[in-house]
Amino acid sequence: MSTKPANIPADSKEVSDADWWRQAAVYQIYPRSFSDSNGDGLGDINGITAKVPYLDKLGVDAVWLSPFYPSALADGGYDVDDYRDVDPKLGTLADFDKMVAALHAAGIKLVVDIVPNHSSDRHEWFKEALAAPKGSAARDRYIFRDGLGENGDLPPSDWDSKFGGRAWERVTEPDGTPGQWYLHIFAKEQPDFNWDNPEVREDFLETLRFWSDRGVDGFRIDVAHALTKDLSEPLPSKTELPVEGSGVDGLADGSHPFWDRDEVHGIYAEWRKVFNEYTPPRTGVAEAWVHADRRARYASPEGLGQAFNFDLLQADFDAEQFRSIIIKNLAEAAASGASSTWVFSNHDVIRHATRYGLPDGTGRNGPARAWLKSAGSEPALDRALGERRARAATLLMLALPGSAYLYQGEELGLHEVVDIPATDRQDPAFFRNPGVEIGRDGCRVPLPWTSEGVAFGFGEAAPHLPQPDWFSTYAVASQEMEPGSTLALYREALRLRGSLQTDELLKWLDASHDSVLHFTRPNGWQSVTNFGTAPVKLPAGTVVLSSGPLTDGNLPADTTAWII
Ligand code: GLC
């Protein structure tokens with residue numbers, strides 16, 4: 001399938017250490033589902049360390065680790081009990097240090113997830129808040145309010161939590177009487193911090209230093225757009241809360257009471273100062289589902305430096321949609337001084353091989369969820385089509401200027417797992433929306449490393465989420481034997497990308513057809529994708545890699561080729 005380049009173009013880029021993140025290929029690990037070294041059914045830190053050779057061979061520049069902190073797993077670890085420790089179920093700080101050393105020895109950077117909008121309800125501070133009286137300093141670290149109604153037994157507002165159900169939970173006061181209510185935008189086990197409180201601000205700076213001192217190279221900031229809130233009373237009713245388009249929180253002018261308020265950037269300016277205390281400076285990437293025009297503020301060099309762009313992730317497999325998203329995001333990144341980011345899959349969305357294998361028009365994340373709910377009936381998933389398109393889309397993404405974020409298992413072409421019994425499900429989004437929302441467990445099922453064995457090589461015990469039989473054919477060990485496998489494609493693409501990477505510019509070339517996207521980078525590295533249904537003629541040049549077999553000088557449908 002691939003022909004090696006005779007020689008790599010001379011102006012391919014040497015990356016300075018301070019700029020490592022600008023065009024990095026970053027591999028997201030969901031630690032509890034990656035590799036289980038001690039046979040308890042949960043992936044762990046030593047499991048990751050044992051797989052560093054795999055990551056090295058894959059050719060990624062960095063790893064992003066989803067939360068590995070002590071947690072009761074009310075939200076897959078995004079409910080943090082202690083920001084400066086490792087979950088004992090996953091290992092120890094010493095194991096963490098060994099993992100960092102092993103990654104660094106392989107030339108792989110490490111980005112960790114920071115969850116600043118909320119802690120867990122088992123965090124020391126929250127326990128203190130519950131034990132302390134109304135109006136105390138301990139309560140002021142969170143968002144407590146009196147309830148409405150005669151006895152305060154109605155929530156302070158009728159707001160809904162992101163995961164369904166209401167966003168306020170009532171506490172029992174130390175004397176046993178029903179008491180105040182606290183705000184939780186997510187699950188009730190995730191109380192929101194009060195970011196107007198200087199102690200909260202200081203404590204997160206300490207956490208950033210704690211991990212930076214341990215060699216962590218950067219941070220992924222969870223719901224970065226939610227921290228600051230205007231909760232002046234009376235609180236508006238949910239029917240008065242302004243709503244933006246689907247997939248976006250907040251408003252174009254930043255006037256929403258809790259999403260994407262301008263004040264949040266004051267926090268990230270302080271964080272930037274901490275990042276810059278280190279050499280090379282630590283990096284940040286914001287998870288901010290905000291109006292596209294407001295994303296650049298999170299990504300500015302005075303702020304976090306980068307922000308996720310989820311536009312491609314929400315698009316159909318469609319040339320015109322891809323083209324306009326790429327143009328817009330590259331322009332935005334250039335204007336803000338950041339580099340663009342690209343992502344198709346992560347631990348929150350339906351895997352892209354599955355999205356692209358659903359009938360046209362159902363490939364977006366929303367309708368795809370509806371499909372999952374009715375899985376087994378209509379409409380059918382075309383696995384092979386989904387994988388073909390996912391490979392083509394990924395190859396296109398890896399040729400774009402900017403950083404590419406990859407999610408564990410996509411290098412195997414893994415699909416979403418649909419048939420998880422309700423009794424095995426873990427996602428609060430499933431439990432808080434009975435019969436409405438299937439949740440995100442389907443993309444979090446432990447990876448298959450071998451085609452046989454108790455947990456397909458994930459570990460020695462039954463995994464914490466059940467793996468389907470079809471995982472066997474997607475296992476790393478099976479794909480390693482197969483030159484045309486998705487794993488082989490990712491390895492070759494990342495290897496070539498490492499040597500072809502060049503200045504952050506892209507020029508569109510005339511495509512033979514509306515459904516073809518063809519562009520080149522300054523060193524002559526070209527990518528051409530056929531989104532249409534019929535083969536098109538390949539442009540001139542040497543094909544160095546393609547996402548699927550080529551035929552007689554033609555680029556088949558749903559295929560990308562790299563040409564130099
Ligand atoms: C982010 C995470 C998601 C989590 C939520 C609450 O969106 O990616 O997994 O549930 O924040 O922390």
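Bear in mind that the values here come from a model prediction, so they are computed numbers and not experimental data. Every number for a ligand or one of its atoms is a count from 1 in the order of the listing.
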### Task
If you have a sec, work out which protein heavy atom is nearest atom 10 (O) of ligand 1 and how many Å separate them, to one decimal?
Asp75 OD2, 2.6 Å
### Query
Which ligand 1 atoms does Glu287 reach within 4.0 Å, using its non-hydrogen atoms?
1 (C), 7 (O), 8 (O)
### Query
Any Lys/Arg nitrogen of Arg295 or Asp311 sitting under 4.0 Å from an Asp/Glu carboxylate oxygen of the other?
yes
### Query
Thinking salt bridges, do Asp348 and Arg440 make one under a 4.0 Å N-O criterion?
yes
### Message
Quick check: Trp449 with Phe34 (ring centres under 6.0 Å apart)?
### Response
yes
### atom 8 (O) of ligand 1 - nearest protein heavy atom and its distance
Asp348 OD2, 2.5 Å
### Query
Should Lys89 and Asp40 count as an ion pair when the cut-off is N to O under 4.0 Å?
no
### Task
Would you mind running through ligand 1 and noting each atom that sits below 4.0 Å from a heavy atom of Arg444?
9 (O)
#### Entry: Arg440: numbered ligand 1 atoms lying under 4.0 Å from its heavy atoms
3 (C), 4 (C), 9 (O), 10 (O)
### Summary
Taking only non-hydrogen atoms of Tyr78 and a 4.0 Å limit, the atoms of ligand 1 in range are 2 (C), 4 (C), 9 (O), 12 (O)
### Query
Between Arg141, Arg122, Arg139, which is the residue that forms a salt bridge (Lys or Arg N to Asp or Glu O under 4.0 Å) with Glu128?
Arg141
### Message
Please confirm whether the ring centroid of His347 lies under 6.0 Å from the ring centroid of Tyr78.
### Response
yes
### Query
Short list, please: which atoms of ligand 1 are under 4.0 Å from a heavy atom of His118?
6 (C), 12 (O)
### Message
One thing to verify: whether Arg351 and Glu410 come together as a salt bridge, which I'm taking to mean a side-chain N less than 4.0 angstrom from a carboxylate O.
### Response
no
### Query
Quick one: does ligand 1 sit under 4.0 Å from the side chain of Lys162, the backbone, both or neither, non-hydrogen atoms only?
neither
### Query
Below 4.0 Å from any atom of ligand 1, is there a heavy atom belonging to Phe163?
yes
### Query
Identify the closest protein heavy atom to atom 12 (O) of ligand 1: which residue and atom is it, and at what distance?
Asp222 OD2, 2.7 Å
